[in-house]
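Note sheet for the following structure.
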Amino acid sequence: MSTDKNGTYSDGQTVAAAFISTNEIEHAGAGGRGPGPSQGLWLVVSAKTAITGMTSAGNFRVTQSDTNTGPGSAWSGTEVPASRMAVATNFNAGTIFTIAVPGITKKYSRVEGTLPGSPAGEMDCYFTDAPQANRS
């Protein structure tokens with residue numbers, strides 16, 4: 001089971017209505033193919049605190065790019081096919097969402113999301129090959 005912090009997009013990140021993970025992950029080699037297709041990776045989103053203030057359901061998605069422009073900045077990324085996941089309106093601390101990431105084909109990836117309203121709380125986002133294992 002992969003639980004090292006090198007696969008971490010966010011560690012205690014404060015949520016916002018529209019957000020970008022605090023970290024980007026660099027995958028193997030220029031042009032990528034990274035670890036995604038061969039290792040059955042999952043994106044795990046774990047609420048460190050209760051997430052409140054949402055007015056409707058939100059979503060998370062994994063995006064990827066050949067160019068790293070730095071955490072939180074605009075980039076020419078594309079969504080990883082079938083990587084979007086819907087999340088409930090407001091949820092308790094310890095709530096975990098997982099989504100299979102079908103394959104990273106670019107050199108860099110990050111998590112982006114939308115939580116409508118004025119959300120408050122903290123979350124972790126990371127890759128794992130064992131989605132049932134929560135490391136928060």
Side-chain angles (χ1 to χ4, degrees):
M1 159 177 59
S2 174
T3 59
D4 64 65
K5 290 290 185 179
N6 291 330
T8 300
Y9 289 109
S10 299
D11 186 8
Q13 181 174 359
T14 301
V15 299
F19 64 88
I20 298 169
S21 57
T22 52
N23 299 314
E24 296 168 348
I25 294 176
E26 181 175 357
H27 302 279
R33 293 292 308 165
S38 61
Q39 294 186 10
L41 292 176
W42 295 77
L43 171 66
V44 178
V45 177
S46 175
K48 286 190 86 129
T49 65
I51 307 297
T52 60
M54 293 173 60
T55 56
S56 61
N59 72 69
F60 292 88
R61 62 195 171 279
V62 175
T63 58
Q64 58 185 341
S65 178
D66 286 324
T67 306
N68 177 5
T69 56
S73 62
W75 68 348
S76 58
T78 58
E79 190 170 316
V80 176
S83 72
R84 187 175 295 250
M85 75 172 148
V87 296
T89 303
N90 301 315
F91 37 94
N92 297 323
T95 300
I96 298 172
F97 300 97
T98 60
I99 185 170
V101 179
I104 303 295
T105 59
K106 305 287 185 182
K107 189 169 181 180
Y108 301 97
S109 67
R110 70 183 184 189
V111 174
E112 298 179 17
T114 305
L115 300 177
S118 299
E122 293 181 355
M123 67 180 176
D124 294 339
C125 299
Y126 55 89
F127 268 149
T128 186
D129 58 7
Q132 73 280 6
N134 182 14
R135 66 179 182 195
S136 294

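Source: prediction; values computed, not measured. Heads up: numbering here begins at 1 and tracks the sequence.
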* Asked: Quick one: CZ on Arg84 to CG on Leu43, what's the gap to the nearest 0.5 Å?
  -> 13.0 Å
* To do: State, yes or no, whether a side-chain contact exists between Met85 and Val45 at a heavy-atom distance under 4.5 Å.
  => yes
* What are the two closest heavy atoms between Arg110 and Ser21, and how far apart are they? -> CB-OG, 3.4 Å
* Structure fact -> Output for pair (Thr14 OG1, Glu122 CD), nearest 0.5 Å, gives 5.0 Å
* Structure fact -> Rounded to the nearest 0.5 Å, the CZ atom of Phe60 sits from the CE atom of Met123 at a distance of 5.0 Å
Without placing hydrogens or testing angles, list every side-chain donor-acceptor pair under 3.5 Å for residues 114-121, not counting sequence neighbours.
none

* **Under 3.5 Å: donor-acceptor pair, side chain of Thr89, backbone of Ala57** => yes
* CZ on Phe127 to CD1 on Ile25, rounded to 0.5 Å -> 5.0 Å
* List for me each residue that meets ring-ring contact (aromatic ring centres under 6.0 Å, His included) alongside Tyr108, sequence neighbours excluded, and say none if there are none. => none
* Glu112 side, atom CD; Phe19 side, atom CZ - distance, nearest 0.5 Å -> 9.0 Å
* To do: For residues Ser83 and Val80, report the shortest heavy-atom separation together with the two atoms involved.
  => OG-O, 2.8 Å
* Listed once per pair and sorted, the salt bridge (Lys or Arg N to Asp or Glu O under 4.0 Å) pairs that draw on residues 91-103, sequence neighbours left out -> none
* Asked: Between the main-chain N or O of Ser46 and the side-chain N or O of Asp124, is there a donor-acceptor pair closer than 3.5 Å?
  -> no
* **Atom of Asn59, atom of Val87 and distance for their closest heavy-atom approach** => N-CG2, 4.1 Å
* How long is the gap from CD1 on Ile20 to OG1 on Thr63, to the nearest 0.5 Å? -> 8.0 Å
* Does the pair Thr22 and Asp11 meet the rule for a side-chain contact (heavy atoms from CB on, under 4.5 Å), with working shown? -> CA-CA 8 Å; Thr22 52; Asp11 186 8; over 6 Å; no
